[in-house]
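In what follows, residues are counted from 1 in the order of the sequence shown.
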Amino acid sequence: MKVLRSGWLRWLVIVLALLLFAFLLFLVWAHRPPIAEITPPPRTAFAAAEIRRGENLARIGNCVSCHQSAHGRPFAGGYGVQSPFGTIYGTNITPDAQTGIGRWSLEAFTRSMREGVSRDGRHLYPAFPYTHYTLVSDADLRALYAYFMTRDPVRAEAPVNELPLPLKFRPFIAGWKLLFFEPDRFRRDPDQSAEWNRGAYLGEGLAHCSACHSPRNWLGAEQRSEAYNGGWSAGWYAPPLNETSPAVRAWTARRLQSYLRTGLSVHHAAAAGPMGPVTHNLARADEADVRALSSYYAWWMRDAPASNREPPLADRSETARRAHPAGAALFAGACATCHEPGATMMALGGRPALPLGSPLHERHPHDTIQIILNGLQPPVDEAGPFMPAYRDILTDRQVAQLVAYLRTRYGSGPEWPDLVEEVTEARENSAP
Ligand code: HEC
Ligand code: HEC
Ligand code: HEC
């Protein structure tokens, strides 16, 4: 081996060998063993009360939102969770023996919820919010397991994730976990009430509210130091739930309770976008649990501006008309029948006026744009009125004109910049 004796080539070989060795060490370290398959347990293996408890917990955990596709069966998977890196699909968590979790033991289920590791040992992407589910108690995991193992099995394979090549390599997730994740358990705060602690346990754990309502770093990890400072979900802005809440009316526990259980707070607005399904699930969850969540988040927002002073409602209709005449004309034609003061929807239907909702007071225009482009589903158990989608009726420029007009007329904060580009982007990213 003459070449090896001379100069840089030898060093190159040594460095490559070291790198290979380090990579092998990494693979060994990242490895998780599979947990043995079991024969699918019969329904009778689970007590009815346990299953009912699990059902409530599944609603609080919002499991169905990510584990059901638009036209699919509940929990059969196929919903694409959007991340800045690509789309990751919720898998089939019905007890189908081949494509679901029918052959999973309680131990395998528990490991996946607490450590983000699949039964076969694969690391799972944190699009599955195990960074929160890790807080769930043993008893609650048992109840969830009982609930899922007694659903109707559905044979369905989740679509392949759409990720760039290096991120498809799951052992890298172990590196992410090393940086940003530690399996943990909920710890009570003895200085707070039992209800507060119940709300904290559910909110920080199963309900994973901060997964949407907190900012994330460039590697997609929640920034705990900025908890509840506002975050993103599927092109929607989830506004802050802390002292920076933009709401113009205080979020008291009672108002939160009605918002979370009906999808509408008459002192604020309707729950739109990804918040809609959250409220549809909480509507059928245990009332005391939702009350606990409400008092916990009212506590988070106790120092928000509106909690101290509820300002009079703005209506700068003249100023707004002069600044944005095109937007004013569009509003009069397309929106006033429902939203102008005195409209039947508000006068008789008791729906909140536009300036009460947070979207027009937020740092970002995304929620207002999304609502206009895509409309709103009716709140829980309400036949209507509901807001139609304007994506096929208005151009990007028209939506931008409307948004600018509404911000000036009813909103607060500086004008939003680059509205036309924002609308174009929102339209592309939320194509039905
Ligand atoms: C925000 C979306 C989201 C929510 C909410 C969610 N999941 Fe998931 N879940 C996912 C995604 C995405 C995956 C697949 C991750 C992957 O492929 O790495 C997954 C995977 C899983 C797995 C592993 C399945 C397997 O085959 O490896 C289990 C078990 C699971 N979820 C259970 C639940 C339960 C129980 C709930 C409710 C308490 C829940 N999930 C709520 C997104 C979600
Ligand atoms: C899947 C993402 C997601 C999850 C999970 C989620 N939210 Fe939201 N939430 C949003 C989005 C997006 C909005 C803004 C929608 C709108 O304008 O109506 C929102 C709006 C809200 C609002 C209205 C704030 C305001 O000032 O208008 C409250 C309150 C709220 N969420 C509380 C919660 C609580 C409590 C939980 C946990 C039980 C939760 N959210 C879980 C996405 C989410
Ligand atoms: C058929 C009645 C109807 C029409 C027409 C309508 N909306 Fe709505 N809109 C609603 C309902 C219902 C809600 C949900 C209740 C609420 O939040 O006040 C809503 C909510 C909103 C919200 C979010 C709530 C808030 O306070 O921020 C905005 C923004 C909005 N509409 C803008 C518009 C614009 C702009 C137009 C015209 C392009 C329009 N709407 C046309 C019924 C309507």
Side-chain angles (χ1 to χ4, degrees), residues 61-63 65-67 79-91 112-117 123-136 161-164 166-184 186 200 202-246 271-278 293 296-297 300-301 304 358-359 362-367 369-370 416 422 425-426 428-430:
N62 207 16
C63 314
S65 290
C66 296
H67 286 281
Y79 171 85
V81 182
Q82 292 176 25
S83 83
F85 313 103
T87 306
I88 301 158
Y89 290 92
T91 49
S112 73
M113 294 283 283
R114 285 208 176 136
E115 296 171 36
V117 176
H123 287 280
L124 295 165
Y125 294 103
F128 169 33
Y130 53 81
T131 48
H132 293 274
Y133 295 161
T134 187
L135 298 180
V136 177
N161 296 331
E162 290 145 29
L163 290 168
L167 295 184
K168 282 192 181 147
F169 186 65
R170 288 184 182 258
F172 283 153
I173 303 173
W176 187 94
K177 289 178 181 173
L178 183 69
L179 294 173
F180 302 119
F181 172 62
E182 185 122 37
D184 202 0
F186 178 73
L202 293 173
E204 301 299 337
L206 267 182
H208 66 280
C209 312
S210 91
C212 294
H213 285 276
S214 297
R216 290 173 185 266
N217 67 16
W218 65 280
L219 280 171
E222 271 176 56
Q223 293 172 289
R224 301 281 169 161
S225 59
E226 294 197 42
Y228 300 112
N229 226 352
W232 298 93
S233 171
W236 290 74
Y237 179 61
L241 300 180
N242 59 13
E243 69 284 355
T244 64
S245 158
M275 193 59 203
V278 174
L293 279 169
Y296 179 64
Y297 286 101
W300 265 99
M301 290 187 270
S358 294
E362 287 168 2
R363 255 173 286 179
H364 306 282
H366 296 70
D367 291 344
I369 293 172
Q370 291 275 17
W416 285 313
E422 295 281 10
E425 202 177 306
E428 279 164 10
N429 293 340
S430 67

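- Qualifying side chain to side chain contact (heavy atoms under 4.5 Å, CB included) partners for P246, counting only residues two or more places apart in sequence or in other chains: P239, P240, S358, H361, E362.
- Using modelled atom types and a 3.5 Å distance limit, the side chains of H132 and E222 yield a donor-acceptor pair.
- Residues passing the side chain to side chain contact (heavy atoms under 4.5 Å, CB included) test with Q370 are W236, N374, S430, sequence neighbours excluded.
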- request: Begin with the C-alpha distance, continue with both residues' side-chain angles, and end with the deciding distance and a verdict on side chain to side chain contact (heavy atoms under 4.5 Å, CB included) for Y89 and V81.
  value: CA-CA 6 Å; Y89 290 92; V81 182; over 6 Å; no
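- Aromatic ring orientation, Y237 versus W232: tilted (interplanar angle from 30° to 60°).
- The shortest heavy-atom contact between P274 and P277 is O-CD, 3.4 Å.
- In this structure, N161 and I88 approach most closely via the heavy-atom pair OD1-CA, 3.4 Å.
- The side-chain heavy atoms of Y125 and I173, taken from C-beta on, include a pair separated by under 4.5 Å.
- Note that CH2 of W300 is 9.5 Å distant from CG of L241, once rounded to the nearest 0.5 Å.
- Atom CD of E204 is separated from atom CG of D184 by 11.0 Å, given to the nearest 0.5 angstrom.
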task: Before giving the answer on side chain to side chain contact (heavy atoms under 4.5 Å, CB included), spell out for M275 and V278 the whole-Å C-alpha distance, their side-chain angles and the decisive distance to 0.1 Å.
output: CA-CA 5 Å; M275 193 59 203; V278 174; 3.9 Å; yes
field: Worked verdict on I369 versus E425 for side chain to side chain contact (heavy atoms under 4.5 Å, CB included)
entry: CA-CA 10 Å; I369 293 172; E425 202 177 306; over 6 Å; no
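- Here CE of M301 is found 10.0 Å from OG1 of T244. Values are rounded to the nearest 0.5 Å.
- No donor-acceptor pair closer than 3.5 Å links the side chain of S210 to the backbone N or O of H213.
- Taking all atoms of both residues into account, the shortest heavy-atom contact from D367 to P359 is CB-CB, 4.1 Å.
- To the nearest 0.5 Å, atom CZ of residue F128 and atom OG1 of residue T91 are 7.5 Å apart.
- Remark: side-chain polar atoms of S214 are paired, donor with acceptor, to backbone N or O of Y228 under 3.5 angstrom.
- In plain terms, the two heavy atoms of W218 and F85 that are nearest each other are O-CZ, 3.3 Å.
- Here the two rings, on H123 and W176, have centers that are 6.0 Å apart or farther.
- Atom OG of S112 is separated from atom CG of L124 by 7.0 Å, given to the nearest 0.5 angstrom.
- Not a single donor-acceptor pair under 3.5 Å links the side chain of N229 to the backbone N or O of P215.
- Here the closest heavy-atom approach between residue G61 and residue Y133 is recorded as O-OH, 2.9 Å.
- To the nearest 0.5 Å, atoms NZ (K177) and CD (E115) are separated by 7.5 Å.
- Taking all atoms of both residues into account, the shortest heavy-atom contact from H208 to N62 is CE1-CB, 4.0 Å.
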message: Could you go through R216 and F180, starting from their C-alpha distance and side-chain angles, then the distance that decides it, and tell me whether this counts as side chain to side chain contact (heavy atoms under 4.5 Å, CB included)?
response: CA-CA 11 Å; R216 290 173 185 266; F180 302 119; over 6 Å; no
